[in-house]
Amino acid sequence: MSGGAALVVLLLATSLVTAAVTFVLPEHREAVRNAVNVGGALLKVLLTSLLVFGVFTGAEFEWRVAFLPGADLVLRADPIPLLFVFLSALLWLTTTVYAIGYRAGDGRSSRFFGFFGLCASMAVGIALAGNLVTFLIFYELLTVATYPLVVHGGGQRARLGGRTYVAYATAGGAALLFGTAWLQHLVGSTEFGDPATVTAVATEQPLAMTAVFLVLITGLAVKAVLVPLHGWLPKAMVAPAPVSALLHAVAVVKAGVYGIVRVVHDLYGMALVDELGALTPLAVVATVTIVYGSLRALTRDDLKGRLAYSTVSQLSYIVLGVSVFGLTSTTGGLVHLVHQGIMKVTLFYGAGILDRQLGVTRASQMDGVGRRLPLTMAAFTVAALGMIGFPPTVGFVSKYYLGMGAVEAGQPWVVAVLAISGALNASYFLPLIARAWFRPAGEPADAEVVAEEGDNRVGMTTATSDDAVPPGPAPTRGRWETDRWLLLPTLSTGASVLALGVLAGAPGSPLTWAAFIAEELMQP
Amino acid sequence: MSWWLALVIVLPVGGSVLTSFARGRPGPVVPLGIAAATTAATVGLTAAYFTGGTPGGARLAGPAALELTVLADGLAVAMLLMTSVTALAVTAFGAVEDRRAPRDRHPGHWPLWFGLWAALHLLFLAADLLTAYLMFEAVGTAAAVLVVLGGERRRFLAGTRYLYAELASSVTALLGIALIWREVGDLAYSAIGPALTDAPAGWWAIGLLTTGLLMKVPLVPLHLWLPSAHSLAPSAVSPMLSGVVVKTAFVVLVRLWFGGDGEVLTPSAAQLLGGLGVVAIVWGSLAALRADGVKELIAYSTLAQLGLLFLVPPLVEAGASNAWTGGLFHAVAHAPAKAALLLAASVLVADTGRSSVEGLIGSAARRPMATLAIGIAAVSLVGLPPSAGFVGKWFLLLASIEVGQWWWVLPNAGGSLLTVAYLMRLIRPAFAPPPARVGPPPARVGPPPGTSGDSTTPVDTAEASPITSARDLRDGIALALAATTLALGLSPAGLLGLLEAAAPLGTVTVGPVGTLAATASWLQGLLEITPVPGLLETTPAPGWLA
């Protein structure tokens, strides 16, 4: 095995080994478990940096082993995968730290962190997959590995959420499998980064190849929560906050969108998809999803539900960027892959702290929380403003490129969609921010008192059917407004929402990266 | 080669004799030793097959035309591996049970068990219908008695019913075999050819034989004996029944249909069989969705999984040898997955003493290893990559697309979804909180745990449940068996090679140009291997894509 191949395998193995070690650790070895998990995540960031450095100096990173006839197992570090690997490695580190602070394991931490690490390796596998078969393997495994996390609470609601999740995910997986097999049959290989072969087959059999595209996108759309296949996401919100952050920012839904990106850019090639006439329908679906998700988010009072519908909407920006032909919009779509992850993860961290520290789970309970948790809410506010698209956050950068790209491509209606969606985003995020900062604290804050509230929270913990393992005590505060393990990740992602927006033009930023990739893709 | 061939039969037969003459009960070491030796012999046979390159065979007995013959071709070797690996795990499981509760084991168990094992080996190796028939009798009888041994009345009834079904199917099959003997004068699979298929009596023979064997598989609607026998059998027997024994008749069927050079299956008959397979998938899955008991659910799941095998006849008949590979891979892959599922489920259910699905509540916390085994087995049974179950489904899917018989895609993919639906009934309760302090704690009447070292007492009282979370080796055995499906799924090349070597037609690989190339290479293979003009009339339409 060459050095390049070893690095790719090592990257996958870090999280796998972390998971394996964590699984066998006894429950009470908390310090060891935390050290192993944070250490594994740090090592992964290090390896990823090495990989990025290597790719930019022109090294090849590919690991290939025979699997099925005509379909090898391939892991390869191309530019687009690197973007995703880097995002997932960084957010994994922060989310691991956050999960430790959140005490998400609730007495079953070894299991929790074990599956957490397993998800991390599946995400790397998805990112680096060099052909559709390899992608499919990790895509399906991700479903298996996330299920125990979604149902971690163990209550009736958690298990119902898990059931919905599995039903949707396996149906989507079946469609993806069928599409993959069909493509394998028609083309003879499913390698990414070789659109010429696919194009050659497609000129002979345009109808069949369009159908394959449709099947593949339908399969991926389930995880990418494109309307009308989005129903599982709001129900899977019962998972602990770190899991939700993970599902929404890097793992599950991102895997779906990332799959769409790769199918369009690396498998078919954008020109071919355009020629087959599939880009415009995709753009329409994305538009509908953007508007529908925002509208539904308006109606939700529970914080996590609102954030979930916001995810539904935001992810489709990426799909929109993919489906508008042109350099600028492609850049916008790719960069939003990273930007949405950072913003969303910050929002979920904030929501988790609100829940853990104050027992606040609803928008209507957020009055005055800014005074109690100023740093948390500052990060939350920045991320929310980013979601709306205020400059100089990363959200603005994405939207700017998407809008410009649409105008360049002669599709100005996209700008209108972006404007409408921005207005809708503002109308469900701004009230939260206003409540948090400008309203007097209406309810007695702090978790000790929350138990007296006759609200849903009490019903959840006392009713036998729900949340079988009651959440642990509120985290120790120490000198800070909340546990440092919770605060630190939140602040760092919140800060990067700003920093990456301000420094969008700097070399090495996600934007320059995405622009570089887009230029490569657009070269005939 | 012939040495190994002798060993894989002599060793389990010897084991049967040894355990029946052992004073009292043989204890855990003897069965385990025999099982390990037999498995080693099977591995040796496989190695010899791969190095030798040609199948080895032997004439056992009998006059020239009515002799007992065995042939270790790729298919037989694959099936022997499946049998040995599964049986080794189940034997180990039984040995641990023996150590925990020696008095629960009927003295007749191990002799019959090894007898069953030997008969299974011979049945898969059989190169003619007579050997196969005799071994069917042996397998059926041994299996039925193993179901009954040491059990109460319900088990007796289930076993008897099983035996009757075996007898009825055997008589039907025997009629068919007798007719074949009258028409052809030779019972070797390779002799089944135009001489048989051209004669009207030949069709009766094939029809009767097929019907008899379908009942043994069983295929819906001939399955009525299976659910009770498989769900009531002892935990060290049912994995073998559901995993391995059900494959015997299917292997003989594909040898009958595709082993000779005659056109045994007409396109319409093949389509009918495929249709029955779909019915089995749907029926078995729906019944599994409604079943109360865990083992009952798994038994119905077996019916559904067997249904998928019957996509093989229409697809292979249409010329897709991917279907041969895929179908038989599925048959092999199903064995360890199903056996691991049954082993793990029986451990979990025995803990709570409730055989219903609720008996699994909180298993993830109680017995994580057994629960993980269920999870991995489920992944393979559903057919998710990278498990062995995926490889089988993948090839069947490719085959359906390849020959343009799109209607088989739906049962394949839909069957997976149904499998998810009913297996989630086993996995969902696993993550529920353990039933803490419901009812009085059970009296500690269980047998003294023979295992030492892992007597971790649950300290945290908040989580403590009345069910002891003592783990034993059985969880590990189930997990190891389940893990073989992952290993097989990650490196399927060896098994694929074995199966492809035994494929009836030239191997059709999916060429880069697609359907046309596939059809062309299929035709080429057909012309080289079986120059029968009649076959060409059944050339499949290359599909609407070409």
Side-chain angles (χ1 to χ4, degrees), chain A residues 23 26-28 65-71 73 107-108 110-111 114 133-134 136-141 143-144 147-148 150-156 158-160 162-163 166-167 169-171 173-175 177-178 180-182 184-189 197 200-201 204-205 207-208 211 468-469, chain B residues 322 325 362 364-365 368 372 375-376 378-379 382-387 390-391 393-398 400-402 409 412-414 416-417 419-421 424 427-434 456 459-460 462-463 489-493 496 507 509-515 517-518 544-546:
Chain A
F23 270 127
E27 188 58 38
H28 59 91
V65 62
F67 177 50
L68 295 172
L73 279 183
R108 284 159 297 171
S110 283
R111 187 168 99 200
V133 172
T134 314
L136 177 73
I137 291 175
F138 288 107
Y139 190 80
E140 297 281 26
L141 278 177
T143 310
V144 177
Y147 174 76
V150 172
V151 300
H152 188 80
Q156 188 76 29
R159 279 179 292 145
L160 278 178
R163 183 180 181 170
V166 166
T170 47
L177 168 65
F178 172 52
T180 310
W182 198 355
Q184 174 81 32
H185 169 69
L186 288 170
V187 182
S189 87
T197 317
V201 179
E204 280 174 33
Q205 310 183 342
L207 196 64
V469 177
Chain B
N322 270 335
T325 328
L372 188 60
I376 296 175
V379 164
V382 171
L384 295 182
S387 67
F390 165 73
V391 180
K393 290 212 169 203
W394 170 258
F395 277 103
L396 282 173
L397 205 53
L398 278 183
S400 319
I401 299 171
E402 188 183 315
V409 169
N412 193 341
S416 287
L417 298 186
T419 313
V420 172
M424 282 306 286
I427 290 170
R428 237 181 7 252
F431 292 97
T456 46
V459 192
D460 57 339
E463 293 282 326
L490 275 171
S491 53
L496 285 175
T507 312
T509 46
V510 183
V513 196
T515 319
W544 56 274
L545 283 171

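It should be emphasised that the depicted structure is a prediction, and the values quoted were computed from it without experimental measurement. The chains referred to below are lettered A, B, ... by the order of the sequence lines, with proteins before strands, and numbering in each begins at 1.
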Between chain B and each of V133(A), L73(A), L141(A), T143(A), count heavy-atom pairs under 4.5 Å; write down the option with the most.
-> L141(A)

Among A181(A), A71(A), A174(A), P26(A), which residue forms the greatest number of heavy-atom pairs with chain B at distances under 4.5 Å?
-> A181(A)

Determine, stepwise, if the pair T180(A) / W394(B) fulfils side chain to side chain contact (heavy atoms under 4.5 Å, CB included).
-> CA-CA 10 Å; T180(A) 310; W394(B) 170 258; 3.9 Å; yes

Chain B contact via [X] - which portion, at a heavy-atom distance below 4.5 Å:
X	result
L177(A)	both
V65(A)	neither
P148(A)	both
F138(A)	neither
T197(A)	neither

Could you pull out the closest heavy-atom pair between [X] and [Y], with the gap in Å?
X	Y	answer
E140(A)	P385(B)	CG-CD, 3.6 Å
V420(B)	T170(A)	CG2-CG2, 3.7 Å
A208(A)	L186(A)	CB-CD1, 3.9 Å

Would you confirm whether Q184(A), through its side chain, and L398(B), through its main-chain N or O, come within 3.5 Å as a donor-acceptor pair?
-> no

At what distance, to the nearest 0.5 angstrom, does CG of N322(B) lie from NE2 of H185(A)?
-> 10.0 Å

Between V391(B), L490(B), V379(B), L496(B), the one whose heavy-atom pairs under 4.5 Å with chain A are most numerous | L490(B)

Pick one of side chain, backbone, both or neither for A364(B), based on which atoms fall under 4.5 Å of a heavy atom in chain A.
-> both

Plane angle bin for F67(A) and F390(B) - parallel if under 30°, tilted between 30 and 60°, otherwise perpendicular = parallel

